[in-house]
2 protein chains.
Amino acid sequence: MVRMTEQRRVIYEILSREAWHPTVDELFLEAKKSLPRISQATVYRNIEALIQDDLATKIVGLNGPARFEKTKAPHAHFECRSCGAIKDIFIDTECINSIMDNKEIQQCATETIVVKLLGLCQVCRETNI
Amino acid sequence: MVRMTEQRRVIYEILSREAWHPTVDELFLEAKKSLPRISQATVYRNIEALIQDDLATKIVGLNGPARFEKTKAPHAHFECRSCGAIKDIFIDTECINSIMDNKEIQQCATETIVVKLLGLCQVCRETNI
DNA sequence: CTTGCAAATGATAACAGTTATCGTTAAGGT
DNA sequence: ACCTTAACGATAACTGTTATCATTTGCAAG
Ligand SMILES: [Mn+2]
Ligand SMILES: [Mn+2]
Ligand SMILES: [Zn+2]
Ligand SMILES: [Zn+2]
């Protein structure tokens with residue numbers, strides 16, 4: 001049986017904040033504010049459970065820890081190749097459809113399409129000159 | 001100064017084999033066949049150097065070690081969510097162009113577009129029923 | 001209410017993948 | 001031949017994640 005615990009509720013609530021793609025550590029530090037005794041293991045466990053229930057999505061970058069977000073309408077991500085920051089990009093649904101309109105893809109059992117844009121974020125461009 | 005060593009030449013040659021997206025460990029085991037004294041550290045170092053020279057590309061999956069390939073014409077990847085296997089998918093260039101034709105993307109300093117398809121590969125579908 | 005049970009937790013050990021360190025090797029220029 | 005130094009091999013250190021286990025917690029039967 002799966003229980004909706006206070007820990008999971010808090011983690012999901014943090015994840016629901018807009019325009020944020022926190023790591024496990026960031027979720028942990030935020031969760032500690034309301035649940036001072038929470039463990040990192042609990043964050044790993046609950047984020048995994050939320051993913052199984054399709055309430056959360058895992059985002060992997062080229063380096064560093066995985067990031068997570070509340071599952072929402074399909075969208076793309078811009079990833080900074082320097083600091084790993086993630087930014088939502090809302091591309092036209094028609095673009096996704098045109099990708100799916102491909103014989104090879106339809107033969108594979110494709111469940112999800114991930115579109116990622118790589119580059120240097122504004123902060124890193126200004127910092128490193 | 002950057003030297004073209006025998007180790008790097010061998011690693012690049014292995015990477016050049018078609019339709020393969022090896023991990024560092026797989027590259028290491030292959031390289032050992034011709035260079036029995038090679039170290040894993042050398043594979044990590046050289047794959048990194050090849051990436052800097054844009055001769056190799058890193059591919060990260062949802063789990064497991066990174067995979068690599070010789071840099072070639074832009075294409076998409078199908079990734080099995082169970083075994084992590086990678087398969088090349090050649091999508092229409094027009095799809096990529098239509099994604100790039102987006103105000104938000106053009107404002108970001110986008111350098112690369114990564115398109116990944118997630119699902120269960122044929123092997124895993126047949127194995128797990 | 002107690003009590004019993006199983007799910008979930010917190011703490012922490014173990015693991016996997018990667019990066020850093022360091023003494024040694026060897027390529028290439030003089 | 002000798003010198004310089006990039007690159008090497010071995011391995012320690014580090015980071016992110018998963019596994020383990022004793023303890024706690026929420027629920028339900030008695
Ligand atoms: Mn997002
Ligand atoms: Mn490929
Ligand atoms: Zn950045
Ligand atoms: Zn598979």
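Below, chains carry the letters A, B, ... as their sequence lines are ordered, and counting in each starts from 1. Hydrogens, waters and symmetry mates are skipped; everything else that's a heavy atom, side chains included, is used.
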Whole-Å gap separating [atom2] ([N]) and [atom1] ([X]):
| X | N | atom1 | atom2 | value |
| --- | --- | --- | --- | --- |
| A:Asn46 | C:dG10 | CG | P | 9 Å |
| B:Leu35 | D:dA10 | CG | C1' | 17 Å |
| B:Arg45 | D:dC8 | CZ | P | 6 Å |
| A:Ile51 | D:dT18 | CD1 | P | 9 Å |
| B:Phe28 | D:dT11 | CZ | C1' | 13 Å |
| B:Glu48 | D:dA7 | CD | P | 13 Å |
| B:Glu26 | C:dA16 | CD | C1' | 15 Å |
| A:Ile38 | C:dA8 | CD1 | P | 14 Å |

If each of A:Thr42 and B:Ala41 is mapped to the nucleotide of DNA chain C with the nearest heavy atom, which maps nearer the 5' terminus, i.e. the 5' end?
A:Thr42
Between B:Asn102 and A:Asp92, is a side-chain contact (heavy atoms from CB on, under 4.5 Å) present by the stated rule, with each step listed?
CA-CA 8 Å; B:Asn102 175 304; A:Asp92 194 339; over 6 Å; no
Kindly determine whether B:Cys108 and A:Ile89 satisfy side-chain contact (heavy atoms from CB on, under 4.5 Å), including the steps that lead there.
CA-CA 10 Å; B:Cys108 299; A:Ile89 302 279; 4.0 Å; yes
Tell me what [X] touches on the nucleic acid: a base, only sugar-phosphate, or nothing, going by heavy atoms under 4.0 Å.
| X | value |
| --- | --- |
| A:Arg37 | sugar-phosphate |
| A:Val2 | sugar-phosphate |
| B:Gln7 | sugar-phosphate |

Within the 4.0 Å limit for protein heavy atoms, which parts of nucleotides 23-30 of chain C are touched? Write it as a string from 5' to 3', B for base, S for sugar-phosphate only, - for none.
----B---
Would you check if A:Asn46 and A:Val10 make a side-chain contact, meaning some heavy-atom pair closer than 4.5 Å?
no
Looking at side-chain heavy atoms only, is the closest gap between A:Asp88 and A:His77 below 4.5 Å?
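They are in side-chain contact.
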Each base of DNA chain C marked ( ) or [ ] if paired in-strand (Watson-Crick or G-U under 3.5 Å), | if paired to another strand and . if unpaired gives ||||||||||||||||||||||||||||||
Heavy-atom pair with the smallest gap, counting every atom of A:Ile38 and A:Phe28
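Nearest heavy atoms, A:Ile38 then A:Phe28: O-CE1, 3.3 Å.
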Go through the structure and list residues passing side-chain hydrogen bond (donor to acceptor under 3.5 Å, both in side chains) with A:Lys33, not counting sequence neighbours.
A:Glu30
Between B:Thr23 and C:dG17, does any side-chain N or O lie under 4.0 Å from OP1 or OP2?
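No, outside the criterion.
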Can you check side-chain contact (heavy atoms from CB on, under 4.5 Å) on A:Thr5 and A:Thr42, steps first, answer last?
CA-CA 11 Å; A:Thr5 63; A:Thr42 301; over 6 Å; no
Residue pair A:Glu111, B:Leu118: steps toward the side-chain contact (heavy atoms from CB on, under 4.5 Å) verdict:
CA-CA 6 Å; A:Glu111 297 159 357; B:Leu118 283 167; 5.6 Å; no
For the side chain of A:Tyr44, counting heavy atoms from C-beta on, which of C:dT9, C:dG17, D:dG16 is nearest?
D:dG16
Following the transitive rule for hydrophobic clusters with a side-chain heavy-atom cut-off under 4.5 Å over Ile, Leu, Val, Met, Phe, Trp and Tyr, establish whether A:Ile47 and A:Trp20 coincide in one cluster.
yes
